[in-house]
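Protein chains get the first letters and strands the later ones, always in sequence-line order, with residue 1 at the start of each.
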4 protein chains.
Amino acid sequence: MKKEIRIGLIGYGFMGRTHSNAYSQLSHFFDTTHVPVRQAVCGRDEQKVKAFAEKWGYASYETDWRKLVAREDIDAVDICTPNDSHAEIALECIKHGKMILCEKPLALNGEQGEAMVKAVEASGLPNLVWYNYRFLPAVTLAKNIVDAGELGRVFHYRANFLQDWTISEELPQGGAGLWRLDAAAAGSGVTGDLLAHCIDTARWINGDIVSVSAMTETFIKERVHTATGEKQAVTIDDACAFLARFENGSLAIFESTRYARGHKALYTFEINGEKKSLAWDLHDLNYLSYFDHGVPGDRRGWTNIHTTDGDHPYSGNWWVPGLCLGYEHSFTHELAEFFKDLDSPQKEKRYPDFRHALGTQYVCDAVLESARTKQWVDVKKA
Amino acid sequence: MKKEIRIGLIGYGFMGRTHSNAYSQLSHFFDTTHVPVRQAVCGRDEQKVKAFAEKWGYASYETDWRKLVAREDIDAVDICTPNDSHAEIALECIKHGKMILCEKPLALNGEQGEAMVKAVEASGLPNLVWYNYRFLPAVTLAKNIVDAGELGRVFHYRANFLQDWTISEELPQGGAGLWRLDAAAAGSGVTGDLLAHCIDTARWINGDIVSVSAMTETFIKERVHTATGEKQAVTIDDACAFLARFENGSLAIFESTRYARGHKALYTFEINGEKKSLAWDLHDLNYLSYFDHGVPGDRRGWTNIHTTDGDHPYSGNWWVPGLCLGYEHSFTHELAEFFKDLDSPQKEKRYPDFRHALGTQYVCDAVLESARTKQWVDVKKA
Amino acid sequence: MKKEIRIGLIGYGFMGRTHSNAYSQLSHFFDTTHVPVRQAVCGRDEQKVKAFAEKWGYASYETDWRKLVAREDIDAVDICTPNDSHAEIALECIKHGKMILCEKPLALNGEQGEAMVKAVEASGLPNLVWYNYRFLPAVTLAKNIVDAGELGRVFHYRANFLQDWTISEELPQGGAGLWRLDAAAAGSGVTGDLLAHCIDTARWINGDIVSVSAMTETFIKERVHTATGEKQAVTIDDACAFLARFENGSLAIFESTRYARGHKALYTFEINGEKKSLAWDLHDLNYLSYFDHGVPGDRRGWTNIHTTDGDHPYSGNWWVPGLCLGYEHSFTHELAEFFKDLDSPQKEKRYPDFRHALGTQYVCDAVLESARTKQWVDVKKA
Amino acid sequence: MKKEIRIGLIGYGFMGRTHSNAYSQLSHFFDTTHVPVRQAVCGRDEQKVKAFAEKWGYASYETDWRKLVAREDIDAVDICTPNDSHAEIALECIKHGKMILCEKPLALNGEQGEAMVKAVEASGLPNLVWYNYRFLPAVTLAKNIVDAGELGRVFHYRANFLQDWTISEELPQGGAGLWRLDAAAAGSGVTGDLLAHCIDTARWINGDIVSVSAMTETFIKERVHTATGEKQAVTIDDACAFLARFENGSLAIFESTRYARGHKALYTFEINGEKKSLAWDLHDLNYLSYFDHGVPGDRRGWTNIHTTDGDHPYSGNWWVPGLCLGYEHSFTHELAEFFKDLDSPQKEKRYPDFRHALGTQYVCDAVLESARTKQWVDVKKA
């Protein structure tokens with residue numbers, strides 16, 4: 001008999017849709033003991049939230065998130081609101097004994113994150129942060145290869161997250177869909193939005209980052225704010241790049257921007273070890289690039305592994321070899337891992353919990369501080 | 001108010017899953033006036049069909065397809081059985097006034113197909129064949145570019161569908177999942193299974209094929225049949241290649257095989273016009289390769305269009321630019337077109353109906369005849 | 001002490017330049033016992049041939065090829081004239097006891113070729129045909145892998161040679177640089193010019209072709225002839241595609257055209273074996289694509305081998321790993337093989353001699369006959 | 001009448017070969033008024049230098065570089081020795097009134113470089129540094145596109161030069177071919193050897209770099225020195241990465257290493273402007289990746305320009321469209337630009353002269369200082 005986890009979703013924007021899709025798809029493709037029930041969704045605009053509930057099959061809706069959190073028929077709360085409300089909502093969830101699935105980044109900063117980690121760990125409630133990219137088959141395969149020690153000593157890591165959607169000066173800041181340009185709501189610009197993904201994957205695969213030297217830039221200095229209709233200073237980082245050193249002695253460069261003309265959402269990473277190297281990019285997400293120095297010299301090269309076979313992570317649950325998965329499958333896979341862990345909790349989670357996400361938050365904080373101070377900054381340990 | 005179309009699905013294998021996924025996903029991403037209701041699924045093994053119904057949310061199940069077809073609470077029947085039963089089931093559906101969504105190929109051969117077309121057109125019932133690849137954004141974009149006349153005179157078309165899953169001599173023929181190796185159930189080998197896809201797309205994009213010269217080969221001459229446990233002659237075509245001439249004067253080569261080591265499901269096509277060329281492959285399904293001779297000479301080259309923007313076909317219904325769609329999305333798109341057409345039927349359907357699929361069947365028949373006779377064969381016109 | 005081979009070059013067009021480059025470069029990069037001496041070049045236009053001799057360091061020039069062939073200070077004649085004169089010149093060379101390096105294709109047809117082979121073999125003179133693409137490191141590596149039996153049973157071979165330079169109707173036929181559009185001078189269109197390359201490589205790597213079914217097309221029916229200034233019927237094949245069966249039981253498709261918009265000189269081939277597959281294309285000539293089914297399932301994929309290491313064929317003679325070679329290096333490599341063979345003649349030559357090129361000519365003849373008769377045609381054995 | 005420039009080459013290693021190839025090839029492909037004469041080559045090992053002279057057609061040889069520099073029949077000296085002797089030899093050349101073609105980097109450091117620039121500019125002698133990569137067709141095309149202002153405001157630049165040849169601990173330092181691992185001879189490790197190339201291209205295309213923050217690492221701390229046979233501390237940088245800001249306000253990341261398993265000589269750069277972006281890599285050197293935001297939204301993508309047409313820089317001097325050039329062609333092109341400039345000297349040289357190379361040296365110095373001090377360092381202006 002399946003155990004139902006009744007989900008209350010707060011926020012129904014882009015991320016609300018990706019998470020709802022995971023709740024809808026999970027049971028069609030994964031045999032988990034726990035299954036999600038779309039119990040309620042919450043948003044401030046009644047008409048819109050009602051329409052969303054109908055479209056996605058939520059049994060009910062709320063317009064006040066505190067009501068949703070307090071409902072007895074909710075087992076887990078999914079926080080999909082802008083970053084500035086994560087901490088408050090999460091702490092309230094913990095008070096009401098709800099498990100939490102929180103959109104990334106964990107919080108506005110490490111301080112908020114610490115409070116969240118402290119509370120959630122004291123409560124013993126299961127908790128997850130939606131760093132979804134880990135769960136694409138190619139990325140998980142990379143993790144498995146590294147964990148098996150196949151790379152030997154690691155020398156280099158590099159990651160980019162390049163976009164180009166904010167180049168126009170006409171684009172306003174703030175408001176629905178554009179709160180990511182407003183530091184008050186987002187905490188930071190590309191650092192928390194995009195680099196946080198790169199950092200999560202990097203720490204998962206290659207361990208902790210110990211120090212960073214960063215630079216940030218705001219290319220468009222003023223934009224109309226949708227709340228006021230006035231031109232206001234842009235306070236987010238439009239671009240951020242940093243040098244880093246990992247605990248394992250490897251060097252890294254990270255870069256993110258929304259001003260790299262030609263790239264829509266080009267998240268790439270590469271890791272170079274003594275024996276093997278791996279590379280991946282989000283625009284071709286079904287492929288893992290794999291270099292094995294162990295093969296004979298004249299046969300060496302980068303192999304494009306199309307990770308759609310039954311023996312690739314998660315892929316066997318879907319179709320047949322050669323048939324591509326898409327972006328949204330990553331959320332379904334993360335949910336599958338979360339539910340699998342509910343059954344038999346592991347000390348080392350496959351999914352990012354609050355504590356792991358706090359470590360990522362600390363890196364973001366160090367990056368922003370380094371950009372401000374123009375100094376190398378040591379990263380706090382989560 | 002949405003109009004419900006109550007679906008009865010016959011067969012719950014690989015294709016049963018892809019179609020069910022479309023029924024589940026459609027309303028989450030497309031605003032169609034008609035919406036599918038998963039009313040019933042049918043299969044011979046009660047335990048399995050029941051489990052499938054539960055997993056995919058079908059309200060009921062049947063073990064006799066004639067019962068399902070006769071049910072009054074069914075508006076549309078989806079035929080996902082092996083090819084040898086398509087004609088019989090479809091004719092029964094027509095008798096009961098059900099619209100039909102039939103898995104490809106339409107039938108075992110043109111003769112069966114003609115009977116189906118005749119009956120369904122006499123009935124006036126909406127009818128569709130699941131040639132799903134048309135509906136990937138990159139393929140639809142290709143169609144739109146060609147239809148706009150941007151290529152000018154077309155000189156060449158080429159398409160491959162390459163797989164490698166039957167190379168082992170140990171693989172049996174017949175039975176669940178392996179009926180595709182049994183000519184009695186499948187009608188033919190790669191011709192009906194894989195080339196039919198290539199031909200559907202080609203005819204959709206480049207018009208009718210008028211004559212063909214083909215060769216086929218059966219590389220492994222005998223395989224154990226799962227029904228008898230005995231080694232039996234393999235009667236399907238393991239590989240098939242053919243030369244073709246289109247009505248518009250362009251030349252084509254087509255090839256398909258399950259013996260191309262290294263290719264899982266590499267469906268590729270390319271079309272070369274006077275002014276532009278287009279190419280695509282299923283392993284990188286989000287990209288369309290696009291060559292425009294009209295740009296200045298030193299800037300010409302093949303452009304990789306990542307068809308994930310809001311202005312690409314279907315993509316705006318899903319996520320944001322740069323985020324990949326997967327294989328199964330094609331079925332959802334085909335269903336969306338079918339339902340859109342229910343509202344305001346067009347003379348020229350975006351989706352392949354029985355008549356269009358009959359034309360494809362005629363090409364397959366001509367190809368197999370040419371391989372047999374070693375002569376060029378003219379293709380019958382649908 | 002190096003043995004000098006005094007070269008007499010007839011023709012100084014595009015191929016005259018590529019061969020002269022090989023004569024100039026050989027000793028800089030290869031330690032062969034025999035070395036070429038640029039002794040004389042021959043062309044009908046005295047001013048132009050003199051300028052060519054100066055530019056490329058030929059010690060003398062002639063305007064009558066019979067004079068050059070008769071000169072006692074010439075050891076080897078390089079025939080770079082249009083195809084219709086190959087046979088006549090070669091037979092004259094043999095009379096004068098000159099070894100011959102003949103531009104491809106060997107002759108206008110098999111009949112001419114047979115006479116050439118008969119004469120040259122009776123004379124015992126070394127003879128070579130400039131099918132240069134064999135000698136690119138990636139292509140030679142492919143040959144070595146196949147010869148080592150690593151592919152197992154071969155199922156498929158496919159090759160294309162796609163160009164787009166004759167699409168304009170304004171392009172005339174005949175005359176310098178355009179004799180390739182004139183069947184009288186060229187013998188055929190793409191079949192002898194481009195497919196001959198594909199066929200040479202295919203036969204070298206995969207053995208003899210036994211039968212073919214072909215189609216050809218002349219898309220532009222009339223072009224101004226530069227000799228007359230008048231519009232004349234175009235008698236070459238603008239495009240040619242054919243199905244083929246190899247002696248080893250594998251199937252093949254070949255295609256060539258000068259109407260594939262977007263492709264400048266895209267020669268590609270792929271061979272699929274039971275255990276391994278290989279693919280290559282001329283636009284990325286330093287890479288060999290390599291698929292090895294023997295690696296563990298989750299690591300399988302196409303490997304891009306950048307064939308620029310010291311242990312790749314020929315590459316160690318040039319620079320250091322990672323540094324690309326270009327098109328013209330193939331001629332230098334072919335020359336190196338020819339000179340190496342002068343020292344210690346092998347029964348099986350690494351380079352194509354007249355007899356091997358005759359076999360290729362027979363395939364071309366069969367292809368053209370099949371296109372004419374619309375029948376499968378058996379290929380004569382060389 | 002061609003004017004002869006009699007070359008004296010000092011050093012005959014890898015770079016001696018690439019330069020000699022340029023001297024040999026230039027007149028075959030470029031019509032320059034000045035032409036090189038291979039007059040003399042100099043090396044300490046008489047037998048080896050004599051063999052080199054014979055192989056490459058140098059009329060004479062020397063074993064003492066001061067003699068060569070003093071010879072009256074030498075017009076230009078080409079310095080191909082390790083970095084620690086560039087300054088001394090160059091200053092001597094200037095004393096003797098020889099024009100200089102100096103291998104990169106210009107010197108061990110900015111101080112040496114300043115003396116060289118001062119002396120050479122006072123003398124008025126033509127001078128060049130062999131930053132050859134600029135002269136590959138794709139790189140020059142990139143420069144031309146940027147110079148035409150097509151990118152609009154530039155936001156980002158990134159460049160890597162990744163190798164993997166020093167990962168083995170067994171590799172010694174010092175001696176022939178390995179002086180690049182010895183800081184005494186090389187000045188630095190990857191910074192002067194590889195990043196210097198990246199910096200030269202970046203400054204040429206995107207203008208001056210004003211400040212940097214760098215990190216370096218020496219992964220293998222000790223290696224046997226070939227001079228002593230003893231294990232000694234490795235004093236070069238095995239890897240170096242830095243953040244940079246350009247004068248034009250754009251941000252950059254640069255990275256180089258000899259520990260990136262899988263990359264032989266992967267020099268890549270990318271520049272992102274408001275309207276267009278460009279990218280290139282040395283492993284596929286004939287391609288320029290080009291993104292033009294100006295095309296309609298649904299047709300946008302990265303275009304792979306195969307820069308082998310007659311209207312691409314330098315390519316028309318070689319073969320026909322589609323036929324690849326190789327690495328060594330870059331040196332021939334640089335030489336062509338140098339000789340063209342001798343005829344009609346331009347204020348802004350297409351090739352890097354000593355002053356431009358000094359600017360690159362200053363960036364290297366700042367990078368190494370930043371890595372030492374862990375501070376952002378301002379770059380001195382050349």
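Distance alone, capped at 3.5 Å, is enough to place a donor-acceptor pair between the D:Arg300 side chain and the D:Val295 backbone.
The residues A:Glu169 and A:Arg223 are annotated as not salt-bridged, no charged nitrogen and carboxylate oxygen being separated by less than 4.0 angstrom. Salt bridge annotation for A:Asp193-A:Arg180: present, with a cationic side-chain nitrogen under 4.0 angstrom from a carboxylate oxygen.
Residue A:Glu274 touches chain D through both its backbone and its side chain, counting heavy-atom pairs closer than 4.5 Å. Heavy atoms closer than 4.5 Å to chain A are found in the side chain of D:Leu162, but not in its backbone. When heavy atoms are compared at a cutoff of 4.5 Å, A:Thr216 approaches chain D solely by way of its backbone atoms N, CA, C and O. Within the 4.5 angstrom heavy-atom criterion, no atom of D:Asp292 approaches chain A.
By number of non-hydrogen pairs under 4.5 angstrom with chain D, the leading residue of A:Gly249, A:Ala214, A:Gly301 is A:Ala214. Contact count versus chain A (heavy atoms, under 4.5 Å) is highest, among D:Leu243, D:Asn272, D:Ile167, D:Leu151, for D:Leu243. When each of D:His263, D:Glu217, D:Lys264 is checked for heavy-atom pairs under 4.5 Å with chain A, D:His263 comes out on top.
The closest side-chain donor-acceptor pair between A:Ser250 and A:Asn206 falls under 3.5 angstrom. Residues A:Thr360 and A:Arg203 bring a donor and an acceptor atom of their side chains to less than 3.5 Å of each other.
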